[in-house]
Amino acid sequence: MLLSKYFIPVLKEAPREAEIVSHKLMLRAGMIKQQSAGIYSWLPLGLKVMRKVEQIVREEQDRAGAVEILMPTIQSADLWRESGRYEDYGKEMLRITDRHERDMLFGPTNEEMVTDIFRTHVRSYKDLPLNLYHIQWKFRDEVRPRFGVMRGREFLMKDAYSFDLDEASSRAAYYRMFVSYLRTFDRLGVKAIPMRADTGPIGGDLSHEFLILADTGESEVFCHADYMKLDVPGAGVDYDDDGLIQSIVEDWTKSYARTDEMHEEALWSNVDAAQQMNARGIEVGHIFHFGQKYSEPMGAKVTGPDGKDVPVYMGSYGIGPSRVVAALIEAGHDDNGIIWPASVAPFDVGLINLRSGDERTDGACASLYDQLTNAGFDVLYDDTDSRAGGKFALADLIGLPWQLIIGPRGLDNGEVELKNRSTGERESLNNEAAINKLMTWQSETKARFGG
RNA sequence: CGGGGCAUGGCGCAGUCUGGUAGCGCACCUGGUUUGGGACCAGGGGGUCGCAAGUUCGAAUCUUGCUGCCCCGACCA
């Protein structure tokens with residue numbers, strides 16, 4: 001992509017309303033534009049990152065056996081009356097009336113709707129287990145939206161819903177999603193720790209929040225240092241092996257990990273003081289098991305092997321890709337801007353022409369651009385006639401993993417300069433060596449994050 | 001929903017107290033000189049000062065009402 005033909009409306013100064021670093025940087029890097037309180041347009045750079053997040057989430061859902069569908073944003077109030085939540089949900093639900101005076105709503109979540117799909121089409125235990133997910137915009141009319149897309153009213157959400165014949169198999173479905181989340185966040189390039197969450201009226205131990213650790217995180221977390229070195233299951237993990245999956249979950253839940261809301265000082269004091277980690281985190285995923293809460297009132301039943309009808313056992317599993325984008329910035333930035341994980345960076349390489357219009361640098365850049373593009377790199381070529389300083393500042397701001405810098409001075413020595421955004425290291429190399437270095441990185445990145 | 005704050009060109013701000021018809025930096029346009037970490041000179045375009053009433057000879061400025069946005073708290077992916 002040529003920067004001159006792209007659209008990155010950067011701001012030198014962040015608008016006053018932006019408070020936290022991710023919001024400021026998203027506005028400055030031209031990723032989003034606020035349209036109303038808690039409602040944002042996604043501009044090319046922001047959209048590109050969000051799509052990558054979405055795709056990783058999708059691949060890991062598919063791998064774990066979930067099946068993608070797409071449910072609408074607008075729902076009929078009737079379904080919600082069946083579950084009783086139309087009255088219960090309160091003002092967070094945006095209610096709409098259509099031209100026929102029918103009560104509609106902008107979906108804040110989809111339990112009712114997916115249960116309706118299930119009950120219409122599934123009758124037998126032989127069709128289970130089933131896990132349906134979709135990635136769709138949700139709307140919750142928060143009293144106080146804030147922190148940009150971190151806490152917007154409209155947000156993108158992956159929500160999966162599992163259906164099982166009984167408690168035990170439902171628990172196995174929950175474990176599969178748990179493991180899938182470990183893999184998802186690992187591929188997103190962040191450390192996310194599952195923490196015991198409030199299960200509400202249902203009780204039990206089947207609800208976890210996944211928190212990305214970031215100094216600027218909203219919640220205080222307490223966890224055992226063991227979590228820093230636990231292995232994340234590889235791409236080959238066998239989701240059909242219930243025993244294996246359960247053992248992975250056990251490894252990831254046996255040590256203490258709680259947010260301040262669930263924190264229990266008595267249990268915490270049992271953790272060796274040297275192993276106590278008091279950090280901050282951002283909630284990016286939440287999974288829970290709710291049994292027959294919706295299947296019962298909504299009549300979502302299947303016939304079991306004994307010929308009896310039973311309401312299915314369900315769980316739901318959410319990840320907010322729009323929020324994840326902001327959380328990744330909270331977890332990865334410096335004074336100059338964003339530092340994207342390799343797996344979601346909007347481009348792999350920023351190719352910087354320090355003197356656009358100069359025959360030599362133009363030629364060298366055009367050639368490198370072609371070579372890199374042909375080698376499978378997504379390259380953003382800054383071919384504009386801005387000055388060097390401005391180009392460096394832009395490249396640092398938008399946080400691409402690599403900057404390949406071509407100027408007359410280097411060309412005199414037959415060299416280009418390669419800068420690593422996260423370490424800040426720069427080195428002068430000839431073209432071939434620079435491309436080789438990038439290709440090595442590319443294959444390592446694929447091996448690490450490609451899934 | 002309680003408490004607080006803000007609203008002046010695309011962004012950041014001054015001007016409001018003490019009323020006299022709008023200004024600065026950045027960005028943008030033109031020309032020139034420049035060109036390896038946000039250049040310089042000259043010229044230029046762009047704002048019914050959030051909206052509506054009122055006071056006044058005259059309102060960005062005073063009064064009243066409304067709207068929008070932000071922050072703290074309670075609530076949440």
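Residue numbers begin at 1 in each chain, while the letters A, B, ... track the order of the sequences. The basis for the numbers below is simple: all heavy atoms, side chains too, and nothing from hydrogens, waters or symmetry mates.
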Remember a base hit wins even if backbone is also touched, and classify [X] as base, sugar-phosphate or nothing at under 4.0 Å, heavy atoms.
X	value
Gly320(A)	nothing
Lys91(A)	sugar-phosphate
Ala14(A)	sugar-phosphate
Arg355(A)	sugar-phosphate
Gly407(A)	base
Gly30(A)	nothing
Asp159(A)	nothing

Once you apply the 3.5 Å cut-off to both distances, tell me the Watson-Crick or G-U wobble partner of [N], or none.
N	answer
rC40(B)	rG32(B)
rU67(B)	rA7(B)
rG45(B)	none
rU61(B)	none
rG2(B)	rC72(B)

- Item | Closest approach of Arg153(A) to Phe155(A) (non-hydrogen atoms, all atoms of both residues) | O-CD2, 3.4 Å
Under a 4.0 Å N-O cut-off, is there an ion pair linking [X] with [Y]?
X	Y	answer
Glu425(A)	Lys437(A)	no
Arg85(A)	Glu111(A)	yes
Glu59(A)	Arg187(A)	yes
Arg448(A)	Asp186(A)	yes
Glu82(A)	Arg119(A)	yes
Asp141(A)	Arg95(A)	no

Taking the side chain of [X] as heavy atoms from C-beta outward, which of [options] is closest to it?
X	options	value
Glu92(A)	rG12(B), rC75(B), rG36(B)	rC75(B)
Phe147(A)	rC11(B), rC72(B), rG38(B)	rC72(B)
Glu13(A)	rA27(B), rG25(B), rG73(B)	rG25(B)
Arg140(A)	rU34(B), rC76(B), rA27(B)	rC76(B)
Lys419(A)	rA74(B), rG38(B), rG37(B)	rG37(B)
Glu142(A)	rA39(B), rC76(B), rG36(B)	rC76(B)
Val143(A)	rC26(B), rU34(B), rC1(B)	rC1(B)

Specify the separation, in whole Å, of atom [atom1] of [X] and atom [atom2] of [N].
X	N	atom1	atom2	result
Glu417(A)	rG37(B)	CD	C1'	11 Å
Leu404(A)	rG36(B)	CG	C1'	14 Å
Leu43(A)	rC11(B)	CG	P	14 Å
Arg421(A)	rG37(B)	CZ	C1'	13 Å
Asp358(A)	rG36(B)	CG	P	12 Å
Asp382(A)	rG36(B)	CG	P	15 Å
Asn353(A)	rU35(B)	CG	C1'	12 Å
Ile8(A)	rG10(B)	CD1	P	22 Å

- Message: Can you confirm if the aromatic rings of His289(A) and Tyr175(A) lie within a centre distance of less than 6.0 Å?
- Response: no
- Query: So, Trp252(A) versus Phe178(A), ring centres under 6.0 angstrom or not?
  - Reply: no
- Query: rG9(B) and rC29(B): how far apart are their C1' atoms, nearest whole angstrom?
  - Reply: 15 Å
- Note on the structure: Sorted by position of nearest nucleotide on RNA chain B, 5' first, the leading residue of Arg426(A) and Gly148(A) is Arg426(A)
- 5' precedence on RNA chain B between Arg323(A) and Glu19(A) (nearest-nucleotide basis): Glu19(A)
- Show your working on ring-ring contact (aromatic ring centres under 6.0 Å, His included) between Tyr6(A) and Phe347(A) and close with a plain yes or no. CA-CA 12 Å; Tyr6(A) 202 47; Phe347(A) 296 90; 5.6 Å; yes
- Query: Does rG12(B) have OP1 or OP2 sitting under 4.0 Å from an N or O in the side chain of Arg16(A)?
  - Reply: no
- Query: Is there a side-chain polar atom (N or O) of Arg144(A) under 4.0 Å from OP1 or OP2 of rC71(B)?
  - Reply: yes
Collect all protein-nucleotide pairs involving nucleotides 67-69 of chain B in which both atoms are nitrogen or oxygen and the distance is under 3.5 Å.
residue : atom : partner  : partner atom : Å
rC69(B) : OP1  : Ser36(A) : OG           : 3.2
rC69(B) : OP1  : Ala37(A) : N            : 2.8
rC69(B) : O3'  : Gln34(A) : NE2          : 3.3

- Distance-only donor-acceptor test (3.5 Å): side chain Arg146(A), base rC72(B): no
